[in-house]
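Here is the structure we will look at, set down as structure tokens.
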Protein chains: 2
Amino acid sequence: MKEGMRYTKQRLAILQQIESSSGHHDAESIYTNIRAKNLNVSRATVYRTLDMLDKNRLIRKLDVGDGRIRYESRKENDHHDHMICLETGDIIEFFDEELERIQDKIAKKHGYKVIRHSHQLFVKPIK
Amino acid sequence: MKEGMRYTKQRLAILQQIESSSGHHDAESIYTNIRAKNLNVSRATVYRTLDMLDKNRLIRKLDVGDGRIRYESRKENDHHDHMICLETGDIIEFFDEELERIQDKIAKKHGYKVIRHSHQLFVKPIK
DNA sequence: GTTGTTGCAAATACTTTGCAACTAT
DNA sequence: ATAGTTGCAAAGTATTTGCAACAAC
């Protein structure tokens, strides 16, 4: 963490919670899971901490478009995008080198550089 | 529109509002602009109508990730994605054939077909 | 001891909903 | 006439904020 920041049990618990499962966690489930372990946190702290962890690039923020923001670990810091199954709600991760390259090319053509991107495929199983 | 649906002045006003400017409108500005013309609408109707217009593919829904959903016309029904400038908030449209092709390929590889997708580049001007 | 952090409760922002009144067909 | 649509106000959901108490350094 950066200068002047403190390691509190709440922060560690939140980070652990996210790194525990390599899944896609939302604020409420993080809050509930920590409380279930009889550790004390408030929703306010969860939200504030998630924001701070994201800004410090310790976790990754993920807007699936359903009104609840998800967060995932950056431990295996392989960048990837997501495919969301419209029938089951499953979230599948994917990565494609070419896709990344094309994005940069498009931005450049317009005089911009890509800082980050959000790319989701909403899919259904074949057949 | 589909069977059993009615043309009301509210619906037409909302659709016109969106088609008036080929921009990226949010619910609140649509509501305000219609009211400014002394036409009567409620926010409830705006939200209900936007939802219905999107489902009927008369407009396109667009989640920029800032908490306010945008809607755009489908009149020139060229599909495109968006690039959002982090410095100015400008929204630039782009389309790339290859990008589309790769997305389908990726989904297929996992046993899915793409129903729709959401692809945004968050960018900054070069230099 | 100082400064960052927390918990609480209240506030905010956007969107949705129940229901009775209304209106397009 | 009747079924779809509207407006209102209340409710809902996710998130943010002010502030006094508290804990890390």
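Keep in mind that what you see is a predicted model, and the values were worked out from it rather than measured. Protein chains get the first letters and strands the later ones, always in sequence-line order, with residue 1 at the start of each.
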Salt bridge check: are R43(B) and E28(B) linked by an N-O gap of less than 4.0 Å? yes
How close or far is atom C1' of dA14(D) from atom CD1 of I30(A), stated in whole angstroms? 14 Å
According to a strict under-4.0 Å criterion, is R43(B) in side-chain N/O contact with OP1 or OP2 of dT15(C)? no
Distances for protein N/O vs nucleotides 19-25 of chain D N/O pairs under 3.5 angstrom?
unit_1, atom_1, unit_2, atom_2, d
dA24(D), N3, R6(A), NH1, 3.1
dA24(D), N3, R6(A), NH2, 3.4

d(CG, D63(A); C1', dT15(D)) in whole Å: 13 Å
Min side-chain heavy-atom separation L121(B)-F94(B) under 4.5 Å: yes
Quick one: is dT23(C) close enough that its OP1 or OP2 comes under 4.0 Å of any side-chain N or O from Q10(B)? no
Does atom NZ (K124(B)) have a neighbourhood of more than 12 heavy atoms from anything else shown, all under 6.0 Å? no
Indicate yes or no for a side-chain donor-acceptor contact from T49(B) to the backbone of T45(B) under 3.5 Å, with no hydrogens or angles considered. yes
Derivation of the side chain to side chain donor-acceptor pair (under 3.5 Å) call for H79(A) and E100(A): CA-CA 10 Å; H79(A) 159 68; E100(A) 307 289 316; 3.2 Å; yes
Would you measure the distance from the C1' atom in dA11(D) across to the matching atom in dG7(D) and give it in whole Å? 16 Å
Polar atom pairs (N or O), protein with nucleotides 10-13 of chain C, under 3.5 Å:
none

I want to check one thing: is the phosphate of dG7(C), taken as OP1 and OP2, less than 4.0 Å away from some side-chain N or O of T45(A)? yes
E28(A) CD to dT15(D) P, straight-line distance once rounded to whole Å: 9 Å
For H24(B) and E72(B): C-alpha separation, side-chain torsions, deciding distance, then whether side chain to side chain donor-acceptor pair (under 3.5 Å) applies. CA-CA 5 Å; H24(B) 306 90; E72(B) 63 181 11; 3.1 Å; yes
Within this structure, what is the CD1-to-P distance between I69(A) and dT13(D), rounded to whole angstrom? 17 Å
Nearest 0.5 Å, please: how far is CG in N33(B) from CD in Q17(B)? 4.5 Å
Donor-acceptor contact below 3.5 Å, side chain H25(B) vs main chain I18(B): yes
Pick from I91(B), V64(B), D63(B), I92(B): which one makes a side-chain contact (heavy atoms from CB on, under 4.5 Å) with H82(B)? I91(B)
With respect to the phosphate group of dT6(C), does any side-chain polar atom (N or O) of N40(A) fall under 4.0 Å of OP1 or OP2? no
In whole Å, I'd like the distance from the OH atom of Y31(B) to the P atom of dT15(C). 14 Å
Mark yes when over 12 heavy atoms from residues, nucleotides or ligands other than K113(B) sit less than 6.0 Å from its NZ; otherwise mark no. yes
Would you kindly give the CG-to-P distance between L50(B) and dC14(C), to the nearest whole Å? 14 Å
Bend across the helix from dG1(C)-dC25(D) to dC14(C)-dG12(D), to 10°, with axes taken over 5 pairs at each end? 30°
On a heavy-atom basis, which atom in L58(A) and which in L15(A) lie closest, and how many Å separate them? O-CD1, 4.4 Å
Identify the two heavy atoms, one from V114(B) and one from Q103(B), that lie closest to each other, and give their separation to 0.1 Å. CG2-O, 3.9 Å
Hey, is the side chain of Y47(B) poking within less than 4.0 Å of OP1 or OP2 on dT15(C), counting only N and O atoms? yes
Interatomic distance where CG belongs to D51(A) and P belongs to dT6(C) [whole Å]: 13 Å
Quick one: D54(B) CG to dT16(C) P, roughly how many Å, whole number? 11 Å
